[in-house]
Enquirer: 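Before I ask anything, let me first share the structure, which is written out below as structure tokens.
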Amino acid sequence: MSNCAHVIPIAPTATAGPAIRWDELVREDHVHGSLYTDPAIYQAELQKIWYSTWVYVGHESEVPNANDYVMKSIGPEPILMTRDKTGQINLLHNRCPHRGNRVCMTEKGNARSFTCPYHGWTFGNDGALRGYPFPSGYEGADRSQLGLGKVARVASHRGFVFGSFAQEGESLLEHLGAAAGAIDALCLNSPEGEVEVTAGYLKHKVKANWKFLVENETDGYHPSFVHASIFEVAESGIGTLYDSDSTAVSRDFGKGHTENDLRPEFRKRGVPLSWFGTTAEKLPAYVSQMEAAYGQDKAREIMIDGTPHIMIFPNLFIAEIQLFVLQPLSVDHTVQHVTAIQFKGAPDINRRLRQQTMGSVGPAGFLLADDAAMYERTQLGVQASNPEWLYLGRGRHRERLDGNGYRIGDATDETPSRGIWRHYKSLMEAA
């Protein structure tokens, strides 16, 4: 996908103030409580992370046709993701360059152009200014410089679209590193090798700092306690994946990307689709499609391993059957946009993926409600002044390297959290 950089987007700037000493706030196994509560730190994060690195925006399947668009975000910044008439994906700032009005208030649709309701300026879905009323008043104006702001760099991997406000920097694949392989593994679970994001989003707002959510997504220590009731009622067997005897591992991929690798447990069981809590006999059409696509042995291997449980820093969580997209709104408010993963060309398993998603993270679901309660209680608790530091040392003494050189720990260890904070500190200290 080509970059869109002829118009430089201007991101908000943090209020000037005393320099923050990040080495005084982030240690190897401790982090200071103010990292979750200080508005100045949040503003600095917007500059150093959300407006400087690659951030997941959306999936190409959300705009399948020419002139489709959908409202998205990069951090708190409103973004329009469009597919223009040439098929190009564009990421546009949802802000009229004239007086700052939002040019689009509809979440999704199909439109060749957007017209600002304030003064009637019209823009193509590639961001270019098409015209304005009473043009004689703009004699000599350079219309090429008055289009919608464009996200400086746009790139995709297997249909997952990322944007960066930074004009220069590492490529998307460099940013993703080993996380690209996790996306590849996810797509393998489709008989057509592609996933789709077509089930619609649930939106959950929590009164908590965004980093609590990032840490929790690959925290294997909490499920046995926070989710004990649903594990017991559902008799799903998920709880045993995170107990002290589990052969699953926690992993730090570097660059802030972390995972709970449950494949050792699934391979020990050796049963296809156990990761999904079902059996091959209950999804014969899907199994037949997978075997036709990959061959019997490879299909069996894929269906045993299942889908990844990975947090791609800073905002994309692939949670086996769901995608979570995190959007920070302020230092203590975060929105989780959640949707069921859909495997292209596999309607029988897709139906069950939607049903299970509603049961776990829907309005009457249990899993997300459990986590949300913990996020908000932790946000309240961390505002207390003593102790100042949070301890993240679980399993540090038994960290080791896997065959690919990545740090791993036991299933319940805080190896992922330490990896997230190491990367966070490096970003925040960067010039």
Side-chain angles (χ1 to χ4, degrees), residues 1-15 43 46-47 50-52 54-60 62-156 161-168 201 203 325 327-330 335 337:
M1 181 176 297
S2 62
N3 294 339
C4 304
H6 75 273
V7 177
I8 300 174
I10 300 175
T13 55
T15 302
Q43 289 299 321
L46 293 183
Q47 298 306 309
W50 296 92
Y51 301 153
S52 298
W54 288 103
V55 176
Y56 174 72
V57 178
H59 195 272
E60 291 182 10
E62 296 180 77
V63 285
N65 305 307
N67 303 317
D68 282 350
Y69 71 88
V70 62
M71 289 180 65
K72 293 292 183 180
S73 64
I74 292 180
E77 284 276 294
I79 299 294
L80 286 170
M81 184 169 78
T82 72
R83 187 185 292 273
D84 62 33
K85 63 182 180 181
T86 70
Q88 174 74 32
I89 300 289
N90 303 279
L91 300 181
L92 309 172
H93 289 256
N94 192 1
R95 166 179 161 167
C96 180
H98 177 219
R99 300 293 291 276
N101 205 289
R102 286 198 180 183
V103 298
C104 180
M105 296 296 288
T106 306
E107 288 203 359
K108 61 181 179 178
N110 184 278
R112 293 183 176 87
S113 62
F114 302 99
T115 298
C116 177
Y118 197 3
H119 296 96
W121 286 35
T122 299
F123 308 89
N125 57 22
D126 60 354
L129 175 64
R130 287 191 174 178
Y132 31 52
F134 316 135
S136 62
Y138 293 106
E139 195 71 32
D142 184 354
R143 288 172 50 152
S144 70
Q145 298 301 308
L146 294 174
L148 297 177
K150 293 187 176 184
V151 173
R153 292 187 295 155
V154 183
S156 68
V161 179
F162 294 75
S164 173
F165 289 170
Q167 293 287 334
E168 298 178 349
Y201 282 89
K203 299 178 184 179
V325 186
Q327 180 190 15
L329 296 182
S330 67
V335 175
H337 303 256

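We're numbering straight along the sequence, starting at 1. Values below: all heavy atoms of this structure, side chains included; hydrogens, waters and symmetry mates excluded.
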Enquirer: List the residues meeting side-chain hydrogen bond (donor to acceptor under 3.5 Å, both in side chains) with Thr115, not counting sequence neighbours, and say none if there are none.
Expert: Thr122
Enquirer: Name all residues meeting the side chain to side chain contact (heavy atoms under 4.5 Å, CB included) criterion together with His98; count only those two or more places apart in sequence or in a different chain, and write none if there are none.
Expert: Cys96, His119, Trp121, Tyr138
Enquirer: Is there a side-chain contact between Asn90 and Val154, using heavy atoms and a 4.5 Å cut-off?
Expert: no
Enquirer: For the residue pair Gly147 and Pro97, what are the closest heavy atoms and their distance?
Expert: O-CG, 3.5 Å
Enquirer: Among residues two or more places apart or on two chains, list those pairs meeting salt bridge (charged side-chain N to carboxylate O under 4.0 Å, His left out) that have a residue in residues 106-120.
Expert: Glu107-Lys203
Enquirer: If you look at every heavy atom in Cys116 and Val103, which pair is closest and at what distance?
Expert: CB-CG1, 4.1 Å
Enquirer: Suppose we screen for side-chain hydrogen bond (donor to acceptor under 3.5 Å, both in side chains). Which residues come up paired with Glu139, at least two apart in sequence or across chains?
Expert: none
Enquirer: Run the side-chain hydrogen bond (donor to acceptor under 3.5 Å, both in side chains) test against Thr86 and tell me which residues pass, sequence neighbours left out.
Expert: Asp84
Enquirer: Between Met81 and Val63, does the side chain to side chain contact (heavy atoms under 4.5 Å, CB included) criterion hold? Intermediate values first, please.
Expert: CA-CA 8 Å; Met81 184 169 78; Val63 285; 4.1 Å; yes
Enquirer: Would you check if Leu80 and Phe114 make a side-chain contact, meaning some heavy-atom pair closer than 4.5 Å?
Expert: yes
Enquirer: Quick check: does any side chain N or O of Asp126 sit under 3.5 Å from a backbone N or O of Ala128, one acting as donor and the other as acceptor?
Expert: yes
Enquirer: Using the benzene-type ring in the case of Trp, are the ring centres of His337 and Tyr56 under 6.0 Å apart?
Expert: no
Enquirer: Partners of Asn110 by side-chain hydrogen bond (donor to acceptor under 3.5 Å, both in side chains), sequence neighbours excluded?
Expert: Asp68
Enquirer: If every non-hydrogen atom of Ala166 is compared with every non-hydrogen atom of Ala152, which pair is closest and at what distance?
Expert: O-CB, 3.8 Å
Enquirer: Taking the side chain as C-beta and beyond, is there a heavy-atom pair between Ile79 and Met71 under 4.5 Å?
Expert: no
Enquirer: Closest heavy-atom contact between Pro133 and Gly120?
Expert: CD-O, 3.5 Å
Enquirer: Rounded at 0.5 Å granularity, tell me how far CD in Gln88 sits from OG1 in Thr82.
Expert: 8.5 Å
Enquirer: Output the distance between atom CG (Asn125) and atom SG (Cys104), rounded to the nearest 0.5 Å.
Expert: 11.0 Å
Enquirer: Are any of the side-chain heavy atoms of Phe165 and Val151 separated by less than 4.5 Å?
Expert: yes
Enquirer: Can you tell if the side chain of Leu46 reaches within under 4.5 Å of the side chain of Pro76, non-hydrogen atoms only?
Expert: yes
Enquirer: A side-chain contact here means heavy atoms from C-beta on lying under 4.5 Å apart; do Glu60 and Arg83 qualify?
Expert: yes
Enquirer: Is the shortest side-chain heavy-atom distance between Trp50 and Glu77 below 4.5 Å?
Expert: no
Enquirer: With side chains defined as the heavy atoms from C-beta onward, is the minimum distance between Trp54 and Arg153 less than 4.5 Å?
Expert: yes
